[in-house]
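Naming: A, B, ... by sequence-line order, numbering from 1 per chain.
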2 protein chains.
Amino acid sequence: MDGAVKQVSNTQRAVDELRRLIFSGELGAGSDHLESELAERLGMSRTPIREAALILEAQGLVEMRPRKGLRVLALSPSDMRDIYDVLTELESLSAENAARLGYSDEELRHLATAISDMEEALERKDLEAWAKADDAFHAELVRLGRNSRVQAIAGMMVDQVRRAKAMTLQIRPLPVKSNEDHRGVFEAIRSGNAAEARRIHYAHRTHAKTMLLELLEKYRFLHL
Amino acid sequence: MDGAVKQVSNTQRAVDELRRLIFSGELGAGSDHLESELAERLGMSRTPIREAALILEAQGLVEMRPRKGLRVLALSPSDMRDIYDVLTELESLSAENAARLGYSDEELRHLATAISDMEEALERKDLEAWAKADDAFHAELVRLGRNSRVQAIAGMMVDQVRRAKAMTLQIRPLPVKSNEDHRGVFEAIRSGNAAEARRIHYAHRTHAKTMLLELLEKYRFLHL
DNA sequence: GCATTGATTAACGCATACGCAAATAAATGC
DNA sequence: GCATTTATTTGCGTATGCGTTAATCAATGC
């Protein structure tokens, strides 16, 4: 019955696969790739590759240049600042709205779980696990904000900085302060304090942005 | 030499033309259109139409549904709220950054022009001209904020509400208060008062959102 | 010796064609 | 007469092919 019928189009597969290749770094930042080459690599024809490329271009991950192929976009520190500024605004709005909407403890369970996962990962000094839980926290926060556009945009922005986050993970200071902030945002949401939720989260993101930009300044050689 | 060589791809022409058809209402909200039908209408084959459709879908203007064709997305009041919330946040950020960046009077000329255009249009009760100048003001504000992502996102959001704005233009109260707000934002930017620029613009957008949502509540029949 | 122009080739834009999936209409069985 | 199944049609997903454009390299002229 569920025989796992492959209900997904080749275009969708191409999008997923290309995203994976980009995030894993197999397609490095700034690198060019011909459509035909990618088509062969993914075992499909040029058309679904082109359609996937148009989608990824709209999401800001690649650039299509005639006769040059797909270019995986590199991120300058200025790009990072731009992206983090957007995330700061939209997530802060989400925190405010989440607090205003007044969720039950049950509905906030995912958020709580993400926080304790982070704390636990931090004790174990498991940075990978921490980053994953951190992603989960931010995604869940945005979800609770109940704004479909914010969710879509935040998702795109997170995608764009994914590589950079992974690369700086090893050289950044231990995110101890982050966890305090998360708890603060959580408590503000739980108690319905919208202004406070926004304020704390805004400060949290701003702090993270500053830290990251200083890091990029220091390790200028890092190519994102 | 310049013989007006058509240097633009058919895909780009299709994007432009479809956008125009959507904004003009020739392709009404919620309506379905077959790719082949649109191809014939625009005098090209299905391929550039498909590519254009993928781009427009990524920008949230249409939806591609297998065997149903392209659907022009309709906007619910909830969508409008979501979109205006995003615009509120990102434009407020832009206002703050513009003030912080410290522009000269010369660099602020476009902004000033947009404001006086609005005031003039308002005296003539020329709502069309007012709306156009209002668009110009917001676009210029975002441009001055100097954040490429914000510019791209704000552009998409403005596109999505373009039809709704046009339809409500005739039934909304005269935008007298708007013009005061714009002057306030302008002065704050000119004097480098970042917090004030953000605050005024935030209030301005919030007010406009409330007004629009009440209007939609009242004229429920308006299909956007 | 350098520059400019022409040829060759690589890559893409667009069109067309084919096969499959889904929706609708028709027909048969209950 | 209604429901279920089958056939037909419609429309899209994907592939392929061709014409066009641009980039590279070589050759010739200055």
In whole Å, I'd like the distance from the [atom1] atom of [X] to the [atom2] atom of [N].
X     : N      : atom1 : atom2 : answer
B/N10 : D/dT21 : CG    : P     : 12 Å
A/K68 : C/dT9  : NZ    : P     : 20 Å
A/L54 : D/dG13 : CG    : C1'   : 15 Å
A/M44 : D/dT16 : CE    : C1'   : 16 Å
A/L34 : D/dA22 : CG    : P     : 17 Å
A/R46 : C/dG13 : CZ    : P     : 7 Å
A/L38 : C/dC12 : CG    : C1'   : 14 Å
A/E37 : C/dA10 : CD    : C1'   : 14 Å

Distance flag, aromatic centroids of B/H182 and B/H204, threshold under 6.0 Å: yes
Side-chain donor-acceptor pair present, A/Q12, A/D16, cut-off under 3.5 Å: yes
Selection from D/dG13, C/dC14, D/dA15 that lies nearest to any side-chain heavy atom of B/R50: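 Nearest nucleotide to the side chain: D/dG13.
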Closest to side chain of A/S45, choosing from D/dG13, D/dA15, C/dG13: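 Minimum distance to the A/S45 side chain belongs to D/dA15.
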Step-by-step salt bridge (Lys or Arg N to Asp or Glu O under 4.0 Å) determination, A/K132 to A/D135: CA-CA 5 Å; A/K132 200 168 162 213; A/D135 276 354; over 6 Å; no
Polar pair under 3.5 Å, donor/acceptor by atom type, side chain A/T47, base D/dA15: yes
Axis bend over the full length of the helix from C/dG1-D/dC30 to C/dC30-D/dG1, computed from five pairs that close each end, to 10 degrees: 0°
Test ring pair (Phe, Tyr, Trp, His ring centres under 6.0 Å) applied to A/H33 - qualifying residues, sequence neighbours left out: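 Partners of A/H33 by the ring pair (Phe, Tyr, Trp, His ring centres under 6.0 Å) criterion come out as none, since no residue qualifies.
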